[in-house]
Participant: 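Just dropping this structure here.
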Number of protein chains: 2
Amino acid sequence: MHDELITALRGGLPEGAVLTDPDVMAAYSHDMASFSEAGAPAAVVLATCREDVQHVMRVATALKVPVVPQGARTGLSGGANASENCIVLSLVKMDRILEIDPVDRIAVVEPGVINAVLSRAVAEHGLAYPPDPSSWEQCTIGGNIGTGAGGLCCVKYGVTAEYVLGLEVVLADGRLLSTGRRTAKGVAGYDLTRLFVGSEGTLGVVVKAVLALKPAPAPQLAMVAEFPSAAAAGDAVCAIMESGHVPSLLELMDGTTIRAVNAMAKMGLPETTEAMLLAAFDTADPAADLAAVGALCTAAGATDVVPAEDAAESELLLQARRLSLTALETLTSATMIDDVCVPRGKLGEMLDGVAKIADRFDLTIGVCAHAGDGNTHPVVCFDAHDPDESRRARESFDEIMALGLALGGTITGEHGVGLLKKDWLARELGPTGVELQRGVKAVFDPLGLLNPGKLF
Amino acid sequence: MHDELITALRGGLPEGAVLTDPDVMAAYSHDMASFSEAGAPAAVVLATCREDVQHVMRVATALKVPVVPQGARTGLSGGANASENCIVLSLVKMDRILEIDPVDRIAVVEPGVINAVLSRAVAEHGLAYPPDPSSWEQCTIGGNIGTGAGGLCCVKYGVTAEYVLGLEVVLADGRLLSTGRRTAKGVAGYDLTRLFVGSEGTLGVVVKAVLALKPAPAPQLAMVAEFPSAAAAGDAVCAIMESGHVPSLLELMDGTTIRAVNAMAKMGLPETTEAMLLAAFDTADPAADLAAVGALCTAAGATDVVPAEDAAESELLLQARRLSLTALETLTSATMIDDVCVPRGKLGEMLDGVAKIADRFDLTIGVCAHAGDGNTHPVVCFDAHDPDESRRARESFDEIMALGLALGGTITGEHGVGLLKKDWLARELGPTGVELQRGVKAVFDPLGLLNPGKLF
């Protein structure tokens with residue numbers, strides 16, 4: 001069976017496209033969710049074109065072998081982890097930007113294009129591709145589409161889903177499907193494009209995407225506000241959004257996160273504060289907007305409000321926020337990153353609740369958050385070699401999701417479900433929702449070959 | 001069978017909810033697409049709550065009777081037309097605004113809420129619900145969701161789909177499904193919410209919607225530019241968008257439309273011009289933006305550029321644009337309204353092509369367009385009592401869609417498919433696309449009871 005598979009794959013693919021060295025394959029077997037299990041692939045294929053992908057899917061269908069589509073493996077939910085004896089189908093070599101059109105404000109790209117590479121390419125045309133996950137220098141557009149990735153810009157510019165106009169997708173049986181459009185509007189039939197966004201490679205393999213672009217915004221000016229409690233920072237977020245402000249960024253770092261960033265990068269952030277809000281505007285008069293927001297922060301209890309002097313200083317502050325996750329990861333041997341998004345008005349309650357969970361389980365849980373969206377990332381830090389601490393970590397990780405659901409939120413704002421949150425997806429969707437989702441899956445992938453075991 | 005149906009319906013519905021008077025039912029049998037056929041309903045139900053809808057769907061499933069969900073019947077594709085012996089399920093009485101939350105920037109509404117009523121209600125909180133179809137004073141949010149409605153604002157603010165965060169839907173068998181979220185972000189499972197938007201009542205009956213709101217924009221300032229040809233106006237649109245401008249409105253009226261509006265409303269629009277562009281900005285300095293756009297129009301060949309003096313004059317210009325369709329309808333006994341959206345860069349070609357089609361078929365075809373989106377509405381005017389002219393009208397209507405597809409566009413930007421464009425949907429999607437769309441339909445509505453005969 002294994003030999004037959006390798007022979008069939010090699011029969012229709014370029015020299016060197018099929019990797020079978022166990023050490024090499026091990027590297028392709030998992031994403032960055034270290035806590036999630038991963039199987040050993042039967043083969044890794046580095047596709048270079050649509051036809052390669054079609055060949056892989058035809059072989060997979062003929063031999064009934066599961067396929068795990070993969071981008072840069074920066075995911076945080078195990079969504080790209082190999083299942084046992086699967087074909088790992090890596091799209092990273094399909095990395096051409098096919099078109100940038102400033103009149104139609106679209107880019108047409110292959111799935112392996114790196115997010116930051118696309119951002120820089122469109123910037124040369126005075127355009128922007130807003131979605132900016134923290135991994136933007138590594139992650140691919142295909143991976144962004146698979147997870148429905150977010151980022152720091154979402155509070156003003158929305159998530160990946162809002163920028164995907166049309167797709168070319170290779171189906172489980174190798175057929176090609178075109179969805180959507182390259183026009184600004186279009187409502188011809190069910191929105192299959194959106195169905196693929198966030199489907200984590202379970203419905204088909206994206207081989208081309210038409211993406212919407214925006215005119216490049218003005219440089220943003222940022223500000224930092226320090227708070228004596230996370231709840232006070234949450235109140236400030238509510239006041240800012242209720243007052244009709246449209247920040248280009250509204251981020252939160254708690255005391256644990258601030259101290260971790262300082263320890264790693266010596267950034268001189270204020271160590272004594274319990275929560276720091278980072279706000280930015282790319283409006284016509286960002287200084288005026290920051291002044292108004294600063295006053296709202298002070299009214300909500302901020303002990304200090306410091307606007308950045310210029311764009312360079314603003315960028316430095318963003319840098320601190322982007323380092324949060326990496327910095328928290330240095331604290332212990334392992335981390336689990338939650339991605340709970342709650343209604344903005346419940347942010348303070350959510351943050352307080354996480355602190356209580358950390359106390360109760362006697363664990364360090366640092367929180368950074370896309371506060372303007374109510375999207376929190378509690379990072380559970382633990383020693384993976386300590387079985388009891390690992391158990392407590394998993395339990396606290398789950399309790400954070402339970403709290404999010406109780407507050408009317410979702411278990412995942414932007415990281416996806418993958419393996420890590422399968423049980424919780426069922427809780428969030430309920431039995432009717434899961435039944436329909438499974439039904440949709442069966443329409444696209446009747447043999448269940450595409451990324452099996454993920455989502456549900 | 002008919003008596004059994006009526007008895008079963010009345011058995012679980014309030015007094016007066018089931019209408020069977022033939023004259024009354026006739027009024028509920030069709031939307032505003034006068035060219036599309038409509039059957040005679042077996043009953044019309046005016047639902048007042050979710051439970052009413054569930055009862056109707058349970059009866060329909062038990063007796064295998066088709067159900068046509070319906071809003072205000074302002075649709076333009078026959079999507080809400082009754083099929084023979086169906087239950088027309090009108091949602092117009094479910095018209096409560098359940099919640100407006102300025103912190104989370106959401107509204108929770110029943111499907112029968114009228115678009116303009118919601119807009120005015122959220123305006124009191126300093127918020128806006130942007131989607132603004134021309135029928136906004138009549139059309140319902142449920143209908144907007146069903147068709148994926150657009151409007152004049154879309155060039156800056158996008159379409160209905162971008163504002164629907166979560167739904168409660170009654171399924172074909174009467175079960176209740178919750179989709180999506182009330183949070184700013186969320187990627188838990190397949191995006192079923194988006195699947196319902198634009199599904200024209202074929203997948204389920206929306207009984208509640210969570211809608212995203214924006215802070216109310218500044219009042220917009222408008223400008224008119226006159227062009228010697230539609231193609232020149234199309235060039236101006238390309239130049240404006242390529243230069244990175246973000247107008248809140250960028251509309252086009254051709255000479256036929258202008259003269260029809262003048263004839264109806266005595267608005268004093270310039271009769272000798274071949275095409276008029278209407279641009280507006282709600283930015284920090286709209287006058288400066290209009291000046292820049294005016295210069296681009298002049299460079300593209302505009303013979304005259306006239307900025308509005310103030311918001312009141314701007315509103316008057318918008319009024320003229322909103323009257324376009326009604327005014328064109330006064331020219332003949334019948335009209336067919338196309339809704340072809342092309343890539344912005346092809347707008348000039350599209351407009352020229354429509355003029356040639358009008359010549360060839362010896363018909364009056366007035367064009368108004370959401371030019372900034374490439375979304376054209378060629379209105380074919382004809383005498384419905386003249387069989388030959390009716391035939392030519394239908395053929396020219398089809399040729400306009402063929403032209404749109406040839407230019408890389410879509411047959412429907414915002415009006416939906418309904419009955420009018422069924423054959424064309426199949427052409428646009430291709431056989432694989434149609435097969436998958438039918439598969440999705442079967443998952444949600446295995447008996448094929450929901451709005452049968454629409455879409456495909």
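Per chain, numbering begins at 1; letters A, B, ... match sequence-line order.
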Participant: Among A:E414, A:R181, A:R182, who wins on heavy-atom pairs under 4.5 Å with chain B?
Facilitator: A:E414
Participant: Using a 4.5 angstrom heavy-atom cutoff, name the option from A:A216, A:S178, A:A184 with the most pairs to chain B.
Facilitator: A:A184
Participant: With a 4.5 angstrom heavy-atom cut-off, which part of B:C154 approaches chain A: side chain, backbone, both or neither?
Facilitator: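 Looking at B:C154, just its side chain touches chain A.
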Participant: Measure distances from A:C341 to the heavy atoms of chain B and classify the residue's part below 4.5 Å as side chain, backbone, both or neither.
Facilitator: both
Participant: So which part of A:A284 gets closer than 4.5 Å to some heavy atom of chain B, the side chain, the backbone, both or neither?
Facilitator: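 When you check distances to chain B, only side chain atoms of A:A284 fall under 4.5 Å.
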Participant: Count the heavy-atom pairs under 4.5 Å between each of A:G189, A:G416, A:G374 and chain B, then report the option with the highest count.
Facilitator: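 Answer, by heavy-atom pair count under 4.5 Å with chain B: A:G189.
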Participant: At a 4.5 Å cut-off on heavy atoms, which part of A:L455 comes close to chain B: side chain, backbone, both, or neither?
Facilitator: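 Only the side chain of A:L455 comes within 4.5 Å of chain B.
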Participant: Taking 4.5 Å as the heavy-atom cut-off, does anything in residues 190-200 of chain B contact chain A, and if so which residues?
Facilitator: B:Y190, B:D191, B:L192, B:R194, B:L195, B:G198, B:S199
Participant: Output all residues satisfying side chain to side chain contact (heavy atoms under 4.5 Å, CB included) with A:H125, sequence neighbours left out; order by chain, then residue number.
Facilitator: A:I100, A:P102, A:L127
Participant: If we define contacts as heavy-atom pairs under 4.5 Å, which of A:K421, A:R438, A:R344 has the most with chain B?
Facilitator: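 Between A:K421, A:R438, A:R344, the count favours A:R344.
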Participant: For the pair A:H370 and B:K185, evaluate side chain to side chain contact (heavy atoms under 4.5 Å, CB included) and give the outcome as yes or no after the intermediate values.
Facilitator: CA-CA 10 Å; A:H370 309 302; B:K185 294 155 77 180; 3.5 Å; yes
Participant: Could you grab the distance from atom CG of A:D285 to atom CG of B:D285, nearest 0.5 Å is fine?
Facilitator: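 Reported to 0.5 Å precision, the distance equals 12.0 Å.
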Participant: Can you tell which of A:V417, A:V440, A:T283 has the highest number of heavy-atom pairs within less than 4.5 Å of chain B?
Facilitator: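 Among A:V417, A:V440, A:T283, the one with the most close pairs to chain B is A:V440.
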Participant: Identify the two heavy atoms, one from B:L177 and one from A:G433, that lie closest to each other, and give their separation to 0.1 Å.
Facilitator: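 In this case the closest contact between B:L177 and A:G433 is CD1-CA, 3.7 Å.
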Participant: Any heavy-atom pair between the side chains of B:D373 and A:T183 that's under 4.5 Å?
Facilitator: no
Participant: Below 4.5 Å, heavy atoms only, C-beta onward: do B:L171 and A:T432 meet side chain to side chain?
Facilitator: yes
Participant: What part of A:E428 is in contact with chain B, defined as an atom under 4.5 angstrom from a non-hydrogen atom: side chain, backbone, both or neither?
Facilitator: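 Interface part for A:E428: side chain.
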Participant: Counting only heavy atoms closer than 4.5 Å, note whether B:K346 contacts chain A via side chain, backbone, both or neither.
Facilitator: neither
Participant: Based on non-hydrogen pairs under 4.5 Å, which of B:V246, B:T202, B:I106 is most in contact with chain A?
Facilitator: B:T202
Participant: To the nearest 0.5 Å, what is the distance between CE (A:M241) and CZ (B:R105)?
Facilitator: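 Answer for the CE-CZ pair, A:M241 versus B:R105, is 4.0 Å.
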Participant: Holding to side chain to side chain contact (heavy atoms under 4.5 Å, CB included), I want the full list of residues that pass it with A:E435, two or more places apart in sequence or in another chain.
Facilitator: B:R175
Participant: Going by ring-ring contact (aromatic ring centres under 6.0 Å, His included), name the residues that satisfy it together with B:H415, two or more places apart in sequence or in a different chain.
Facilitator: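 Partners of B:H415 under the ring-ring contact (aromatic ring centres under 6.0 Å, His included) test: B:H377.
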Participant: Using every non-hydrogen atom in the two residues, find where B:L425 and A:A188 come nearest and quote the distance to one decimal.
Facilitator: CD1-C, 3.4 Å
Participant: Which one of A:G126, A:G244, A:G439, A:G150 has the most heavy-atom pairs closer than 4.5 Å to chain B?
Facilitator: A:G244
Participant: Is it the side chain or the backbone of A:T179 that comes within 4.5 Å of chain B heavy atoms, both, or neither?
Facilitator: neither
Participant: Do A:T147 and B:V187 have side chains that get closer than 4.5 Å, going by heavy atoms?
Facilitator: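 Heavy-atom side-chain distance check fails, nothing below 4.5 Å.
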